[in-house]
Chemist: 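The structure follows.
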Amino acid sequence: VFGAGERIPAVLLGIVTLVAGMITGIPPLRSTTLFFVTVIAWAVISGLIELIAGLRARKTGDPFARDAILIGAVTLALAVALLLVNPAYSLEYAIKEAGATFTLTGITIGVGLFGGYAAIVAVFLGIAGFSPRRTSLTPADTGVNASTTPTAEPGDAPARPAGETA
């Protein structure tokens, strides 16, 4: 659950994804070109939202900032990869062992790139979701009285745990 003021990127991502899904759901508009235009536009807009949100969160020390930056960058990489695919591409090839000819098309490559992106993001976010996060402990959390805790001065040697020698 996001705190107050932290919901804007999630809401924007939801809106962008909903609009992209609604556009592709209009039957007369469905085409290979619409697939590429919609997915590229979605990837650029959502990638920028995620990347900017991650960069802003990094300034505040948010532990999830690194994940947002990476997912934003990977989403922008998807947009670049799809821009490099010609939607009208068509390559006929034959496999002798199968006794058949096949056609590799631009839409096949585009859907494959999108599927690869989705798999990478799903695995990354799955691992990130189940990974424990370090939290910084305050003196109140550790039971140490902050007023009696010694502070390090410039030039002081690093403290060693009790019983440890140099």
Side-chain angles (χ1 to χ4, degrees), residues 1-93 95 97-98 102-143 158 161:
V1 176
F2 294 107
E6 297 176 358
R7 297 181 186 108
I8 293 172
V11 170
L12 288 175
L13 287 170
I15 291 169
V16 168
T17 303
L18 181 67
V19 169
M22 289 174 63
I23 289 171
T24 59
I26 301 171
L29 297 179
R30 288 186 194 157
S31 68
T32 300
T33 304
L34 179 68
F35 169 81
F36 279 94
V37 169
T38 305
V39 176
I40 290 169
W42 170 84
V44 168
I45 295 168
S46 62
L48 285 173
I49 291 169
E50 193 85 41
L51 186 63
I52 292 168
L55 292 172
R56 292 182 72 195
R58 184 172 65 175
K59 291 180 183 177
T60 65
D62 186 350
F64 298 107
R66 183 181 64 183
D67 296 345
I69 292 169
L70 182 65
I71 296 302
V74 170
T75 305
L76 288 172
L78 170 67
V80 171
L82 288 174
L83 280 170
L84 297 175
V85 177
N86 181 357
Y89 180 78
S90 180
L91 173 69
E92 299 256 349
Y93 64 97
I95 299 177
E97 293 81 16
F102 302 94
T103 304
L104 177 63
T105 60
I107 190 69
T108 304
I109 296 169
V111 170
L113 288 171
F114 184 73
Y117 158 82
I120 290 168
V121 169
V123 169
F124 175 79
L125 292 178
I127 291 170
F130 287 107
S131 297
R133 296 274 181 189
R134 282 190 184 177
T135 57
S136 59
L137 297 177
T138 62
D141 295 335
T142 60

Chemist: Are any side-chain N or O atoms of Arg30 and backbone N or O atoms of Thr24, one a donor and one an acceptor, separated by less than 3.5 Å?
Modeler: yes
Chemist: Going from CZ on Phe35 to CD1 on Ile107, what distance comes out if it is rounded to the nearest 0.5 angstrom?
Modeler: 4.5 Å
Chemist: Any chance you could measure Leu76, atom CG, to Glu50, atom CD, to the nearest 0.5 Å?
Modeler: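 It is 10.0 Å, given to the nearest 0.5 Å.
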Chemist: Take Phe36 and Leu83 through the side-chain contact (heavy atoms from CB on, under 4.5 Å) test and state the conclusion after the steps.
Modeler: CA-CA 8 Å; Phe36 279 94; Leu83 280 170; over 6 Å; no
Chemist: Which pairs with one or both residues in residues 104-113 pass side chain to side chain donor-acceptor pair (under 3.5 Å), sequence neighbours excluded?
Modeler: Thr105-Thr108
Chemist: Identify, with sequence neighbours excluded, every residue that meets side chain to side chain donor-acceptor pair (under 3.5 Å) alongside Thr33.
Modeler: none
Chemist: Which heavy atom in Gly54 sits nearest to a heavy atom in Ile69, and how many Å separate them?
Modeler: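 Result for this residue pair: C-CG1, 3.6 Å.
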Chemist: Sequence neighbours left out, what passes side chain to side chain donor-acceptor pair (under 3.5 Å) with Thr32? Give chain and number order.
Modeler: none
Chemist: Indicate yes or no: at least one non-hydrogen side-chain atom of Ile45 is less than 4.5 angstrom from one of Ile49.
Modeler: yes
Chemist: For residues 113-129, dump all side-chain donor-acceptor pairs below 3.5 Å to protein atoms at least two apart in sequence or in another chain.
Modeler:
residue, atom, partner, partner atom, Å
Tyr117, OH, Thr75, OG1, 2.8

Chemist: Look at atom CD1 of Ile8 and say whether more than 12 heavy atoms of other residues, nucleotides or ligands are closer to it than 6.0 Å.
Modeler: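 Count not over threshold, so no.
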Chemist: Listed by chain and number, what are the side chain to side chain donor-acceptor pair (under 3.5 Å) partners of Thr60, not counting sequence neighbours?
Modeler: none
Chemist: State, with a plain yes or no, whether a side-chain heavy atom of Leu91 is found less than 4.5 Å away from one of Thr103.
Modeler: no
Chemist: I'd like to check the side chain to side chain donor-acceptor pair (under 3.5 Å) partners of Glu97; sequence neighbours left out, ordered by chain and number.
Modeler: none
Chemist: Counting only heavy atoms not in Tyr93 (residues, nucleotides, ligands), do more than 12 fall under 6.0 Å from its OH?
Modeler: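 Result for OH/Tyr93: enclosed.
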Chemist: So which atom in Phe102 and which in Ile95 form the shortest heavy-atom distance, rounded to 0.1 Å?
Modeler: CE1-CD1, 3.9 Å
Chemist: Please name the pair of heavy atoms, one in Pro87 and one in Val85, separated by the smallest distance, quoted to 0.1 Å.
Modeler: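 Scanning both residues, the minimum pair turns out to be CD-O, 3.3 Å.
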